[in-house]
Amino acid sequence: MTLQAAAVFCRVDQYSLFHKTTVTSFHLMEAFVLSFLVGCLSIGLLYLLWKHHPSYGGNPAAPAFPFVGSLPFVLLNRHRMYEWTSELFDRSTILTRKIKLVSSISYSTIDPQVVHHILKSKFDSYPKGPNFYPFFADLIGRGIFNCDGSLWRFQRKVASYVFTSASLRDFVVTIVNTEISGRLLPALDASQPHPAEVIDIQMLLTNCMFDITCQFTFGADPACLKSAKLSQPHVGNSVATDATRMGLGDDRRVDMINDVTEKISHSKVPDHIVQAFVCGFQDALQVTAERFLVPQFWWRIMKWLNIGSEKRLKDGLAAVENFTTFVIEQSKRERDTNRRDLLARFLNLPEVFPAAEDGTLQSDVCGDEQEGKSISDSFLRDILLSFILAGRDAVVSGVTFCLWLLCLHPRVEENVLGELRGIIEDRKFSNHEDVGDVDKVGTFTYEEVRKMNYLHAVLSESMRSYPPVPANVKFAAEDDSLPDGTQVFKGTRVSYNAFAMGRAARIWGTDCLEFQPERWLNEHGVFEPANPFKYPVFQAGPRICLGKDLAFIEMKLLMASLIWNFEFALQPGFKPRLSYGVIMLMVNGLLVTVKRRLR
Ligand code: HEM
């Protein structure tokens, strides 16, 4: 028994000894595995924290939190996006900044060398890319503004041919001067019985430029300005009929205007189609701009469900389609060779570019997309709408900010007037037969525009601080290294910030925040352009703005006529709020009172 008991005891003891040993080694193992896991997790976490740290990758980013990146700062500064990014560059010596928003990483630069790299030396490696295309696709399809590669090259080649013709330039001068003398100046005169009436000159210019670009592009006059109400302090088209505000008491002038407008506007489009187009285009443009402000999946779902702003876009596009189909079909039927608008010029292209016998464009001109086909109506529509998109609001922005700055700088305004006085004086020695008339209706000729060196400098200086296109985004088509050593991976967005560049002391000197048009003039008072890579207001390189020269003609004609004929005073306490979009405008409009200038 004792032996048995001893044996049992022994077994028990042996078992517990064994058990004790097993438990101890199990705990040790457990502890080891646990510490290993905790260690791995900590290292992983530290790695993630580092990876999401602003300085990861050797390029310090905008202020950022782990994981969400700069998103909180972006949201906080969304009402002053350009001012904020400009301050960031201002506060440090970094010229190319990494921007991290949740999981996406992009780069923004103010370095002229990097701008040169992405816009010229490595042009093919930095297209607009697939990220940009879907936003504008509904409005302008694959028009020049919204495509890359051979399709872009084809459009650029054809459009460059059309844009360099002197007859197109003369056509623009005629349209702009007719709009100024027939609508813009009379509209401002109409506010004269109430000199204290505050008007939104930006809205007036938007209507005016819509008329000009439509006539220039489609040969059709939507007469937005004729029907615009003056005192509406917001951006956008106004189609309310208020013809009395034109104030055209002078019968002779009305006849003259009608006569010229008739010659310009060949397309006789029914009023309801034009008016629907004007509203539809405005709506479509606004909704397209809003797409940039929400995540892509959001507007895609709304589009799929056809609700909210995306429904507005669809309806707007239907009206645009209706109008473009009408004018294109009408122009094709009539084939009027006297027409000078872009539509007619594009329709006549096969005569300009060597065409095959069946009327098709040659493959080397057409590029792979259009090989063997003449330009389809929808393609023509995309190209032409791109011109309206590219040309209208940028000019409105250029003139609006310039007018505002002149109100703040009477010295500069006086210098502009001095230059114009000299030009008007010169008319006495000119034997131009229209001199008298031109003086009466308050407009200027192309030859006179060419003499306006100071005004050219004023506009360039104003767009330095307030560029109509404040930033431009490209997309890296392959892994690359920027001139400053920044590593860029395929698919990354790289943008230049023209707004911040115009305010950078290291580019423009310590007086960069001052309004000094004289910096653009040489010792003989002649305008000297800046290096386009330090001043990419019109972009630079192969994709530089095609309408740059026309834009200056339009802006100078508008500015000269406005300043020569009227005095503008800002509404007390007026401060512009900058819009955040492709084109920078004033969110609250430019609110001024006007008075005929006495001489
Ligand atoms: C102050 C006025 C203007 C400014 C600041 C301006 C600026 C620009 C900029 C920055 C671009 C490049 C956009 C991009 O690629 O994303 C551009 C492109 C373009 N602009 Fe202008 N623009 C102005 C007026 C005009 C006018 C009046 C026209 C036509 C009449 C015009 C026609 C074009 C065209 C066709 C393109 C596309 C060029 C291409 O991609 O090859 N622009 N413009």
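Ligands are counted one by one from 1 in listed order, and the atoms in each one are counted from 1 as well.
- Close contacts between ligand 1 and Phe145 involve ligand atoms 13 (C) [criterion: under 4.0 Å to a heavy atom].
- Taking the six-membered ring where the residue is Trp, the centroids of Phe281 and Phe210 are separated by under 6.0 Å.
- Checked by distance only, ligand 1 and Lys474 stay at 3.5 Å or farther apart across all their nitrogen or oxygen atoms.
- For the ligand labelled ligand 1, residue Phe216 lies inside the 4.0 Å heavy-atom shell.
- No more than 12 heavy atoms of other residues, nucleotides or ligands sit less than 6.0 Å from atom CZ of Arg577.
- Ion pairing between Glu447 and Arg450 fails under the 4.0 Å rule for side-chain N and carboxylate O.
- An N or O contact shorter than 3.5 Å links Arg543 to ligand 1 by distance.
- In the model, Thr96 has a side-chain atom that pairs as donor or acceptor with a side-chain atom of Asp484 under 3.5 Å.
- Under a 4.0 angstrom heavy-atom cut-off, Phe552 registers as lying outside contact with ligand 1.
- Protein heavy atom at the shortest distance from atom 7 (C) of ligand 1 is Val537 O, 3.6 Å.
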Pairs of donor and acceptor atoms involving the side chains of residues 544-552, under 3.5 Å and at least two apart or interchain, shall be tabulated with distances.
none

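- The single protein non-hydrogen atom nearest to atom 38 (C) of ligand 1 is Arg156 NH1, 3.4 Å, given as residue, atom name and distance.
- With sequence neighbours excluded, the residues satisfying side chain to side chain contact (heavy atoms under 4.5 Å, CB included) with Glu514 are Asp511, Gln516.
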Any chance you could lay out the ring-ring contact (aromatic ring centres under 6.0 Å, His included) test for Phe387 and Phe163, step after step, and finish with the verdict? CA-CA 11 Å; Phe387 284 108; Phe163 265 69; 5.3 Å; yes
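- Within ligand 1, counting atoms from 1 as listed, the ones closer than 4.0 Å to a heavy atom of Ile144 are 39 (C), 40 (O), 41 (O).
- In this structure, Arg142 forms a cation-pi arrangement with Tyr133, its terminal cationic atom sitting closer than 6.0 Å to the ring centre and no more than 45° off the ring axis.
- Applying the 4.0 Å criterion to heavy atoms of Phe387 picks out, from ligand 1, the atoms 35 (C).
- Atoms of ligand 1 found under 4.0 Å from any heavy atom of Met555 (numbered from 1 in listed order, with element): 1 (C).
- Around atom 21 (Fe) of ligand 1, protein N, O or S atoms at less than 2.8 Å comprise Cys545 SG.
- Every residue two or more places apart in sequence or in another chain was checked for a side chain to side chain donor-acceptor pair (under 3.5 Å) with His409, and none qualifies.
- Scanning all protein heavy atoms for the shortest distance to atom 13 (C) of ligand 1 gives Asn472 ND2, 3.5 Å.
- Taking every heavy atom of Lys128 and a limit of under 4.0 angstrom, the matching atoms of ligand 1 come to 14 (C), 15 (O), 16 (O).
- The aromatic ring centres of Phe515 and Tyr466 sit 6.0 Å or more apart.
- Note: no N/O pair closer than 3.5 Å links Tyr496 and ligand 1 by distance alone.
- Remark: aromatic rings of Tyr535 and Trp520 are close, center separation under 6.0 Å.
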Test side chain to side chain donor-acceptor pair (under 3.5 Å) applied to Asp111 and Thr109, step by step: CA-CA 6 Å; Asp111 184 347; Thr109 192; 5.2 Å; no
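- Under the side-chain contact (heavy atoms from CB on, under 4.5 Å) test applied with Phe444, the options Ile423, Leu455, Val173 reduce to a single match, Ile423.
- Here Thr213 has no heavy atoms under 4.0 Å from ligand 1, in either its backbone or its side chain.
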